[in-house]
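Before any comments, here is the structure.
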Amino acid sequence: MATPAPSPDLLLVLLEVSRSGKFTTAGEGLGLNHTTVARKIAALEKSLGGRVLVRSAGGWELTPLGEQAVGVAEQVAAAVSRLGEGAEDPVAGVVRMTATDGFSAYIASPAVAGLRAEHPGLTVELVTVTRRAMQQRSGVDIEVVVGQPQVHRAQAVRLGDYTLGMYASRDYLARHGTPGNPEEMARHGLVYFVDSMLQVDDLDAPRRLAPEMRDGLTSTNVFVHVEATRAGAGVGFLPCFMADRHEDLVRLLPDYFREQLPYWMVLRADSLRQPSVAAVADALKRQSELSRSMLLGDGEERGEDS
């Protein structure tokens, strides 16, 4: 006797859980409570004869069977949307992404603003974080990370490179002197990430380029790095596209202290099939390309005598 096909209702519940990674969040979107969502997922697994979800540190992850089921669920959702007048914008709903502070402010924000001008039904939830790409990425549609990610069951796209350099404020240099060579940097405190909390190996350049520098002020937020450097807390190792916006900052020894790092975008395969996620990903790629010169610090460099 053939096993009956799962109901579209159960498939749509799985689709919502796959997007959020949590029963409670999926239930809120569907108007169901947590218990009902769990019961429907159990019914779907019974119908399919296997697990569609497994627990992970970040929430619920799809199994291979679950990925197949979500593919069908997306077709069901698309068919249901076509039953209306056909005028609804497919680029709508919530897209969840993570990115570094600087990328979020100067690349993601204008990209999303331009996209929302065309698709007002789109909502983007942007969490700022500096870390490696996650292996379990429930509830996140897009990640933007520094350095080439090592991921499975996901697509990685290189967005472009950006440059970092050493900076100090003019007032700081007037009080403490301007270092004339890399060795003289040892007299100055470093403004940078908290070493013990830094998860991205590619960002450890200042400890390699100036190992004798002691920490002056450290933070997990790059905007704090910029403002602390402007305030005279020490010498900051800063993204050029952020530091060069400030006339009170001077770039030091640019021929020596110059690190170029790549931004990569990571997308779940099931997320990329959603028109809204694909649209945000394309917007991020376009904005990164438009901002290529800014990210590389190709503008007029302000030397110590400028």
Side-chain angles (χ1 to χ4, degrees), residues 99-111 113 126 128-130 144 146 160-195 197-198 200 202-263 287-288 290-306:
T100 62
D101 299 303
F103 186 95
S104 297
Y106 297 116
I107 305 298
S109 292
L126 176 52
T128 58
V129 63
T130 302
V144 177
V146 175
D161 296 346
Y162 74 104
T163 303
L164 300 98
M166 287 290 191
Y167 290 81
S169 73
R170 297 181 187 278
D171 287 345
Y172 176 89
L173 295 175
R175 286 184 283 113
H176 298 279
T178 301
N181 55 60
E183 291 72 26
E184 292 182 6
M185 280 290 188
R187 297 190 289 106
H188 301 274
L190 175 67
V191 177
Y192 199 53
F193 286 103
V194 181
D195 191 31
M197 300 178 69
L198 186 60
V200 182
D202 290 30
L203 287 170
D204 204 31
R207 273 91 186 195
R208 168 170 46 82
L209 296 172
E212 300 304 318
M213 286 186 74
R214 64 193 184 281
D215 287 341
L217 185 151
T218 58
S219 170
T220 57
N221 187 305
V222 72
F223 282 98
V224 174
H225 303 168
V226 173
E227 294 306 317
T229 303
R230 296 182 68 198
V235 174
F237 192 63
L238 309 175
C240 296
F241 70 89
M242 298 179 69
D244 288 345
R245 296 170 180 270
H246 302 285
E247 290 294 334
D248 55 337
L249 291 180
V250 176
R251 189 168 177 186
L252 305 173
L253 304 172
D255 292 337
Y256 185 84
F257 292 106
R258 182 183 185 89
E259 188 79 358
Q260 191 166 301
L261 298 176
Y263 282 125
Q287 191 66 39
S288 297
L290 288 172
S291 305
R292 181 176 182 275
S293 180
M294 177 191 76
L295 289 171
L296 290 174
D298 285 345
E300 182 179 351
E301 292 184 352
R302 299 191 307 275
E304 59 190 49
D305 297 326
S306 63

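Start at 1 with the first residue, then count along the sequence.
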Practice task
Enter the distance from Asp204:CG to Asp195:CG here, rounded to the nearest 0.5 Å.
Solution key: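 Those atoms lie 5.5 Å apart.
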
Handout entry: Between CE on residue Met213 and CE on residue Met166, distance to nearest 0.5 Å
Key =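 Interatomic distance, Met213 CE to Met166 CE, rounded to 0.5 Å: 4.5 Å.
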
Exercise for the section: Would you confirm whether Ser291, through its side chain, and Met294, through its main-chain N or O, come within 3.5 Å as a donor-acceptor pair? Expected result: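 The answer is no, because no donor-acceptor pair under 3.5 Å joins these two groups.
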
Exercise for the section: Evaluate the side-chain proximity of Pro182 to Leu209: yes if any heavy-atom separation is below 4.5 Å, no if none is. Expected result: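 The answer is no, as the side chains (C-beta and beyond) never meet within the 4.5 Å cut-off.
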
Exercise for the section: Measure the shortest side-chain to side-chain distance between Arg207 and Leu190 over non-hydrogen atoms and say whether it is less than 4.5 angstrom. Expected result: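 Sidechains of Leu190 and Arg207: in contact.
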
Problem - Stepwise side-chain contact (heavy atoms from CB on, under 4.5 Å) check, Phe103 with Val146 - result: CA-CA 10 Å; Phe103 186 95; Val146 175; over 6 Å; no

Handout entry: Candidate list Val226, Asp244, Leu252, test side-chain contact (heavy atoms from CB on, under 4.5 Å), partner Tyr167, passing option
Key =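 Going through Val226, Asp244, Leu252 one by one, the side-chain contact (heavy atoms from CB on, under 4.5 Å) with Tyr167 is satisfied by Asp244 alone.
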
Practice task
Show the numbers, then the answer: is there a side-chain contact (heavy atoms from CB on, under 4.5 Å) between Tyr172 and Val250?
Solution key: CA-CA 10 Å; Tyr172 176 89; Val250 176; over 6 Å; no

Handout entry: Cys240 to Gly165 - nearest heavy-atom pair and separation
Key =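 Looking at all heavy atoms of both residues, the shortest contact is SG-N, 4.0 Å.
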
Exercise for the section: Check side chain to side chain contact (heavy atoms under 4.5 Å, CB included) between Arg208 and all other residues, then give those that pass, not counting sequence neighbours. Expected result: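 Applying side chain to side chain contact (heavy atoms under 4.5 Å, CB included) to Arg208 gives Ala205, Glu259.
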
Exercise for the section: For Asp255, check side chain to side chain contact (heavy atoms under 4.5 Å, CB included) against everything at least two apart and list the hits. Expected result: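 For Asp255 there are no side chain to side chain contact (heavy atoms under 4.5 Å, CB included) partners, ignoring immediate neighbours.
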
Practice task
If the plane angle is over 60° it's perpendicular, under 30° parallel, otherwise tilted; pick one for Phe241 and Tyr162.
Solution key: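 Rings of Phe241 and Tyr162: perpendicular, as their planes differ by over 60°.
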
Exercise for the section: Just jot down the salt bridge (charged side-chain N to carboxylate O under 4.0 Å, His left out) partners of Asp161, sequence neighbours excluded, or say none. Expected result: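 Counting only residues at least two positions away or on another chain, Asp161 forms a salt bridge (charged side-chain N to carboxylate O under 4.0 Å, His left out) with Arg158.
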
Practice task
With sequence neighbours excluded, tell me which residues meet salt bridge (charged side-chain N to carboxylate O under 4.0 Å, His left out) with Asp171.
Solution key: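 Applying salt bridge (charged side-chain N to carboxylate O under 4.0 Å, His left out) to Asp171 gives none.
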
Practice task
Show your reasoning for whether side-chain contact (heavy atoms from CB on, under 4.5 Å) applies to Ile107 and Val144.
Solution key: CA-CA 11 Å; Ile107 305 298; Val144 177; over 6 Å; no

I'd like a table of donor-acceptor pairs (distance under 3.5 Å, sequence neighbours excluded) in which one partner is a side-chain atom from residues 228-239, with atom names and distances.
unit_1, atom_1, unit_2, atom_2, d
Thr229, OG1, His225, O, 2.7
Arg230, NE, Asp248, OD1, 3.2
Arg230, NE, Asp248, OD2, 3.0
Arg230, NH1, Glu227, OE1, 3.4
Arg230, NH1, Glu227, OE2, 3.4
Arg230, NH1, His246, ND1, 3.3
Arg230, NH2, Asp248, OD2, 3.4

Practice task
Would you mind listing every side chain to side chain donor-acceptor pair (under 3.5 Å) that reaches into residues 101-111, with sequence neighbours excluded?
Solution key: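 Every pair satisfying side chain to side chain donor-acceptor pair (under 3.5 Å) with a residue in residues 101-111: Asp101-Thr128.
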
